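First comes the structure, then the notes that go with it.
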Amino acid sequence: MSLRIHNTLSGKVEEFVPINPPRVLIYTCGVTVYDESHVGHGRSLVVFDTFRRFLEHLGYQVKFVRNFTDVDDKIINRAGKECTDFMTIANRYIAHYYEDMEAIRVKPADVEPRVTEHMQEIIEIIQKLVEIGVAYESEGDVYFSVKAFKDYGKLSKRSVEEMEAGARVEPSEKKRDPMDFALWKSAKAGEPWWDSPWGKGRPGWHTECVAMAFKHLGETIDIHGGGLDLVFPHHENEIAQAEAITGKPFARYWMHNGLVTVGGQKMSKSLGNYVTLKEIYTKYHPDILRLLVLFTHYRSPLDFSWEKMEETQRAYERLKDTITNIELLKKLSVVEEMRETPSIYARAKELEESFFASLSDDFNTPEALSHVFTLVGELNKIKNRAFEEKKIDRRELEAYEEVAKSLLDNLKKIFGLMEDLYPECEVERVVRKELEAGQVLDSKLVDILIEVRSLARQNKQYQIADLIRDRLTEAGIELEDTPAGTKWKKVR
RNA sequence: GGCGACGUGGCCGAGUGGCUUAGGCGAGGGACUGCAAAUCCCUUUCACGGCGGUUCGAAUCCGCCCGUCGCCUCCA
């Protein structure tokens, strides 16, 4: 099963062929650390985190680099407002970033370089660009000359002429051509600076990623990723610099995720329509955000709303219930009636193959999820029949458990979902853990109350039984009576 | 203004020349239950922005139109 991915460079879905299999080198543009990360950042991070997990599952040895931009105008501005230095701001938001990533289960990259730790490499690249004549110094600034690089515009599919027609480029006497972009900016008073052949200054936006990709991955990488909004100018400018120097393709595949919108409008700081990741995962289980992201193809826009979070939450609960229901099924009486192998094995295998086929087809996670939910339906049928008959065949029980476990494995490993679910699927233990840490109610007490309620029900003292149920519901503990006993879970 | 993307059933959201049902949420019906807000099952059997065209056949290809959005400035 070959993997096919969409390449922004060609505008087509192409077969993925790594340069040196099984190694795959991936670079994605990380965040600029000047403020909290929001759902827009979260989507990009989840998409590439999941894609990387999938590559690893396919047997590739992935080296994944995701950088921090820790010096730029916005960080400096923020520092000015808070009367502190840019490093304090950068360090603060890097720390917050790590908290967010841990919460939403985005695995750390193999290398997470910072711009400020690569000044030497950045300066060397700029020097080289000046030497070969595609960049020039002008009053302490250094600019890249877009007309000196013949392929300029190949990623974003526009020509220098077209862009000039757009006429929204900042005019500057320092530039030879309005489209030229800054590689090095001379330091203004009060700004951080580094020594360079052109005097004190700091790097422009795009050289950093080239420098860090070169250093940690090499001159040609397999996949370069980021948000769709980075195609121009950021990635275009990276290509210009890298390829002007090496004469080789900088990245073989360029992958861009679609943007998160709110009411159809791009989620952004400037519009003020953003929702921070912290807000999300303090209100919902972090898996809900991951599932929300995976429910939309990574290249399509994703319109965020709290209603959609609720919908996703419900779908998630159903998925989780199906997996954890194995514990309930085990409490039924187990019989030996079935002769043949349960058909769920074959069905699960078929659906798993479809699942991977979908992922291999330009990482179609929503289609992959449709197969997951089809399997959920099949497992629920078994469960329902068992509950109706108040018994289950041993073979079928084993089949349910094996299929549910293997489903859970895939969800954990590739989608990063339900990582806190025990392999034995003991949901009560998970909830118990939450309760113990989170103080709502002591889980032992819940058990005792359920026991008392069961007794009351046996004696048809329904007033007492319902009172216990109502009070527990108020306390956030939801009860469900099943033929296999009473199940409980914590609701938000 | 230039470049690009998109417009699918009540909502969200895949698909992309015919064959098989995407899937989720909601809704309706039912099962289970002492009851149930919980859970499960079934149904939601002429969906593909408009108008033309190509084709034996198009939601799927082509053209035009309408609408929405993105990039062109920092942005995941």
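Quick caveat: nothing in here was measured; it's all calculated off a predicted structure.
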Distance check, [atom1] atoms only: [N] and [M], in whole angstrom units.
N: B:G67; M: B:C25; atom1: P; answer: 36 Å
N: B:C61; M: B:U55; atom1: C1'; answer: 10 Å
N: B:G23; M: B:A14; atom1: C1'; answer: 8 Å
N: B:C64; M: B:G4; atom1: P; answer: 13 Å
N: B:G9; M: B:A22; atom1: P; answer: 13 Å
N: B:G17; M: B:A58; atom1: P; answer: 14 Å
N: B:G26; M: B:A5; atom1: P; answer: 35 Å
N: B:G50; M: B:G10; atom1: P; answer: 14 Å

Rounded to whole angstrom units, what separation is found between the [atom1] atom of [X] and the [atom2] atom of [N]?
X: A:Asp72; N: B:C74; atom1: CG; atom2: P; answer: 10 Å
X: A:Leu319; N: B:C40; atom1: CG; atom2: P; answer: 11 Å
X: A:Lys487; N: B:A36; atom1: NZ; atom2: P; answer: 20 Å
X: A:Lys157; N: B:A5; atom1: NZ; atom2: C1'; answer: 12 Å
X: A:His6; N: B:G4; atom1: NE2; atom2: P; answer: 13 Å
X: A:Tyr27; N: B:A76; atom1: OH; atom2: P; answer: 12 Å
X: A:Glu317; N: B:A37; atom1: CD; atom2: P; answer: 18 Å
X: A:Lys381; N: B:C40; atom1: NZ; atom2: P; answer: 14 Å

Residues A:Glu474 and A:Arg471 bridged, charged N to O under 4.0 Å: yes
Output yes when A:Asp303 and A:Lys308 qualify as a salt bridge under the 4.0 Å nitrogen-oxygen rule, no when they do not. no
For every nucleotide of nucleotides 21-28 of chain B, 5' to 3': is a protein heavy atom under 4.0 Å from its base (B), only from its sugar-phosphate (S), or from neither (-)? -BSBSS--
Non-neighbouring partners of A:Trp193 that pass ring pair (Phe, Tyr, Trp, His ring centres under 6.0 Å), sequence neighbours left out: none
In chain order, what residues pass the ring pair (Phe, Tyr, Trp, His ring centres under 6.0 Å) check against A:Tyr93, with sequence neighbours excluded?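 Result, ring pair (Phe, Tyr, Trp, His ring centres under 6.0 Å) vs A:Tyr93: A:His96.
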Any side-chain heavy atom of A:Lys269 sitting closer than 4.5 Å to one from A:Lys74? no
Side chains of A:Met101 and A:Tyr97: does their closest heavy-atom pair fall under 4.5 Å?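 A side-chain contact exists here, since the closest heavy-atom pair is under 4.5 Å.
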Of the listed nucleotides (B:A37, B:A76, B:G2), which one gets closest to any side-chain atom of A:Arg158?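 Of the options given, the side chain of A:Arg158 lies nearest B:G2.
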Report each atom pair, protein N/O against N/O of nucleotides 32-35 of chain B, whose distance is under 3.5 angstrom.
from, atom 1, to, atom 2, distance (Å)
B:U33, OP1, A:Lys390, NZ, 3.4
B:G34, O4', A:Tyr462, OH, 3.3
B:G34, O6, A:Arg457, NE, 3.4
B:G34, N1, A:Asp466, OD1, 3.0
B:G34, N2, A:Asp466, OD2, 2.8
B:C35, O2, A:Arg469, NH2, 3.0
B:C35, N3, A:Arg469, NH1, 2.9
B:C35, N3, A:Arg469, NH2, 3.0
B:C35, N4, A:Arg469, NH1, 3.0
B:C35, N4, A:Asp481, OD2, 3.1

Could you list the residues that satisfy side chain to side chain donor-acceptor pair (under 3.5 Å) with [X], not counting sequence neighbours?
X: A:Asp466; answer: A:Arg469
X: A:Arg114; answer: A:Asp70, A:Asn91
X: A:Tyr316; answer: A:Asp287
X: A:Asn7; answer: A:Glu14

Residue pair A:Asp361/A:Gly227 against RNA chain B: nearer the 5' end by closest nucleotide is A:Asp361
If only side-chain N and O atoms of [X] are considered, is one of them under 4.0 Å from the OP1 or OP2 phosphate oxygen of [N]?
X: A:Asn384; N: B:C41; result: no
X: A:Asn364; N: B:G15; result: yes
X: A:Ser300; N: B:G13; result: no

Flag if over 12 foreign heavy atoms under 6.0 Å of CD, A:Gln461: yes
For atom CD of A:Glu350, decide whether the heavy atoms of other residues, nucleotides or ligands shown that lie under 6.0 angstrom number more than 12.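 More than 12 heavy atoms, drawn from other residues, nucleotides or ligands, come within 6.0 Å of this atom.
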Expected output is a numbered-order residue list: members of residues 260-269 of chain A with a heavy atom under 4.0 Å from any atom of RNA chain B. What is it? A:Val260, A:Gly264, A:Gln265, A:Lys266, A:Met267
Using residues 272-280 of chain A as the side-chain source, report each donor-acceptor pair under 3.5 Å to any protein atom, sequence neighbours left out, with the distance given to one decimal.
from, atom 1, to, atom 2, distance (Å)
A:Asn273, OD1, A:Ser268, N, 2.9
A:Asn273, ND2, A:Lys266, O, 3.0
A:Thr276, OG1, A:Glu279, N, 3.2
A:Lys278, NZ, A:Glu99, OE1, 3.2
A:Lys278, NZ, A:Tyr281, OH, 3.4
A:Glu279, OE2, A:Lys283, NZ, 3.2

If you draw the axis of the six-membered ring of A:Phe64, does the NZ or CZ of A:Lys107 fall within 45° of it and under 6.0 Å from the ring centre? no
Has A:Arg66 got its NZ or CZ under 6.0 Å from the middle of the six-membered ring of A:Phe48, at an angle within 45 degrees of the ring axis? no
Could you spell out the base pairing of RNA chain B as a dot-bracket line? Use Watson-Crick and G-U wobble contacts where both distances are under 3.5 Å, [ ] for crossing pairs, | for partners on a different strand. (((((((..(((.....[....)))((((((.......))))))....(((((..]....))))))))))))....
Applying salt bridge (Lys or Arg N to Asp or Glu O under 4.0 Å), which residue pairs with at least one partner in residues 374-387 of chain A are found, sequence neighbours left out? A:Arg347-A:Glu378, A:Arg385-A:Glu396
Students often get this wrong, so: under 4.0 angstrom with heavy atoms, is A:Leu230 touching a base, only sugar-phosphate, or nothing?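 Here A:Leu230 touches the backbone only, sparing every base.
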